[in-house]
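Heads up: the structure comes next, in structure tokens.
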Amino acid sequence: MKRTIILAVVVVIGVAAFYLYQLTQEKTPDVVNQRPDVVITASELIAAFDRDSASARKNYIDKIVEVTGNVKRIDTTGSVVLGEDGSASEVTIGLDRRHLKDHEKLKVGSVAVLQGVCTGSRNDNSGSDSTDLFSGLGTTVELRAAGVKNKQ
């Protein structure tokens, strides 16, 4: 009886250890190589959040989005900003750790296609309060786990 209990405890510990090992070794999927849920331009994505943010959240948040737009800024530590010159609104794209060197393929002012997961937006476009320093800053749509999409 004692031997059976010890054997059962060892088996349970072994199964738990194997399960924890599997969890720690699980890799995050590379969304850049997956089929996008939505293909859209940066201007259309920003406009969708400006028009109706609740509807846009339903359509884009937590979805793989392929976005095409003009490169406004490149941060070599891991992000690319797409948008139109002279516009305060932009799409900020955080590069996945596997795609951190993708910024080398881009130049400011050129058109780029990037793909990632849409995580949210900030709309600082109130403009109604002239004393508010943040009014008129535009809409910022954010993507994460992204990279440059190689069009074939």
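Predicted model, so just to flag it, every value in this text is computed and none were measured. All residue numbers in this chain count up from 1 along the given sequence.
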Residue of the set V39, V113, I93 for which side-chain contact (heavy atoms from CB on, under 4.5 Å) holds with V67: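 That would be I93.
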
Using the side-chain contact (heavy atoms from CB on, under 4.5 Å) rule, pick out the option among V148, T76, T77, D75 that qualifies with H103.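 The option that passes is T76.
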
Side-chain hydrophobic cluster, 4.5 Å single linkage: members besides V117: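 Besides V117, the hydrophobic cluster comprises V31, I64, listed by chain and residue number.
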
Please answer whether the main-chain N or O of [Y] pairs with a side-chain N or O of [X] as donor and acceptor at a distance below 3.5 Å.
| X | Y | answer |
| --- | --- | --- |
| N70 | G109 | no |
| E90 | R73 | no |
| E44 | T41 | yes |
| T119 | E142 | yes |
| S79 | G94 | no |
| K63 | K58 | yes |

Which heavy-atom pair separates [X] from [Y] by the least distance, and what is that distance?
| X | Y | result |
| --- | --- | --- |
| R57 | G120 | NH1-CA, 4.3 Å |
| L106 | A112 | CD2-CB, 3.5 Å |
| C118 | V65 | CB-CG2, 3.9 Å |

Residue K101 excluded, over 12 heavy atoms near NZ under 6.0 Å: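 Open: at most 12 neighbouring heavy atoms sit under 6.0 Å from NZ of K101.
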
Counting only heavy atoms not in K107, do more than 12 sit closer than 6.0 Å to its NZ atom?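 It does not: K107 NZ has 12 such atoms or fewer within range.
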
Hey, are the side chains of V141 and T92 touching, using non-hydrogen atoms and a 4.5 Å cut-off?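 Answer no - side chains too far apart.
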
With a 4.5 Å limit on heavy-atom distance, are the side chains of Y60 and I40 in contact?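 Sidechains of I40 and Y60: in contact.
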
Between V91 and V32, is there shared hydrophobic-cluster membership here, with clusters defined by ILVMFWY side-chain heavy atoms closer than 4.5 Å?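 No, V91 does not connect to V32 through the hydrophobic network.
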
Starting from L82, can I reach L100 by hopping between I/L/V/M/F/W/Y residues whose side chains sit under 4.5 Å apart?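 Hydrophobic grouping puts L100 with L82.
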
Test: E84 and K72 ion pair at under 4.0 Å: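 No salt bridge links E84 with K72.
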
Can you tell me how far apart OG1 (T139) and CG (D50) are? Round to the nearest 0.5 Å.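 One gets 3.5 Å once the value is rounded to the nearest 0.5 Å.
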
D30 side chain to H99 side chain, donor-acceptor N/O pair below 3.5 angstrom: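 Side chains of D30 and H99: pair found under 3.5 Å.
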
